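The structure under discussion appears below in the form of structure tokens.
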Amino acid sequence: MATESGKGELAVPLGNALNSIQCIRDQVRDGESGEQGGAYDLSVFWDTLNQAVTVVSMAATLLSMGSSKNPQPSLQVLQDGEKLLVTVLNSTLTLSEVYSCLPESQGVTLRRQVRDATVEVLDGILQLVEVIISSPLQSLTQEQITFTRGVWSACDRFAQLARDNKEALLVDVSSQSGVVKDVVEKIKQLLSEPQDPFKDCLIHDPEDNSDRDSPHSIRDVSLSEKDQQVIRASLEVLETAASCLRKFRSAVEDNGDAAEPQNVAQLDDLADISREISPSVDDLALCLYPPMNYSGVENHMSRLAATLRKLLDLIRSSHVCGAAELTWIQFLEAAVDHNVQKAKESIELDG
């Protein structure tokens, strides 16, 4: 795969391989699962998937090394190169087929995470083939090494994947909690610098005098007393959202079940509604920066509150809710209503 004539001979096989892997990737990304009747053994699935991932990683390594071998006779290069490409194609096809055998009855949330990891591997193989096509002859470029390592890293990710739908939901909730926690910290920072809220957001060019005398200069934007009251009240709503996710995660850890089909479906419903929280939190937070959009604050706060109420109600009616959970669900529902009302009152104040 390294001589001038050899690489020329392999141009068509490389291009065909690239197209085939793109098709496989697209089918994984956009395809639906094939449901299987009867009992399904997740442990067998994971064993088979891990074997397929190992083969892909090895195939990527062989392809990368084979493309940088010393010059050989053209025919030998063509034969060796085509064998390597067949190995890569077969390994990616096997990986996609193993993934597609994971039925949605085992959890849409789980399947989504396995799909994303599989697509990441296939994207890595695509990038590797592309760089091999464009790389200098008889060389192992730094870019090629980087993309080979990228495939390895994507394959290694499978060892950290959730093993069932309960674990997959916990991964989702942890991610949501991290986003909300970051937003809460940013809003606290905003309150701590009311006269210069954009201090850590924008960098001013000292040579740029264009806005120095502008009445709307960003440097002159500050938070009014009313703004600060609205932000404090909104912050309590955001912190309530963080508490909901924290308590929800504990309930799933303690009571979540991924063995019964009905419970698996409930976990998916909970995952769907919980994923709406962080975008709503982001939207609300953006409205809190000056010049403050009071109407936007009220609308996004109402939307966030509705999502939190829906989550709490769904938790109450699901199998993750035990006797201990009923108390904090009731408390958080009251907290949502109280804090939203308090925020609306602060918006309505003259100021």
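Worth knowing before you read on, the calculation uses all heavy atoms, side chains too, and leaves out hydrogens, waters and symmetry mates. In this text, all values refer to a predicted model and were calculated from it rather than measured experimentally.
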If we ignore hydrogens and angles and just use 3.5 Å, is the side chain of [X] paired with the main-chain N or O of [Y] as donor and acceptor?
X	Y	value
S274	A271	yes
S175	V171	no
N165	V264	yes
R111	L102	yes
Q27	I24	no
N263	D257	no
D268	T109	yes
S64	A60	no
Q113	A168	yes
S153	G150	no

Between the side chains of [X] and [Y], is a donor N or O closer than 3.5 angstrom to an acceptor N or O?
X	Y	value
T61	W152	yes
S43	D41	yes
Y289	D227	no

Q22 atom CD: more than 12 heavy-atom contacts under 6.0 Å |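 More than 12 heavy atoms, drawn from other residues, nucleotides or ligands, come within 6.0 Å of this atom.
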Do other residues, nucleotides or ligands put more than 12 heavy atoms under 6.0 Å from the CD atom of Q262?
->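 Not buried by this count: 12 neighbours or fewer within 6.0 Å.
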Under the 6.0 Å and 45° cation-pi test, does K226 pair with Y294?
->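 Relative to the ring axis of Y294, which defines the angle, K226 lies inside both limits.
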Side-chain heavy atoms of E298 within contact of K344, under 4.5 Å |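 The answer is yes, as the side chains (C-beta and beyond) meet within the 4.5 Å cut-off.
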Minimum heavy-atom distance between Q176 and P279, given as atom pair plus value |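 The pair with the smallest heavy-atom distance is OE1-CD, 4.4 Å.
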If you measure from the Lys or Arg side-chain nitrogens to the Asp or Glu carboxylate oxygens, is any gap between D313 and R316 under 4.0 Å?
->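 Judged by the 4.0 Å cut-off on N to carboxylate O distance, D313 and R316 do form a salt bridge.
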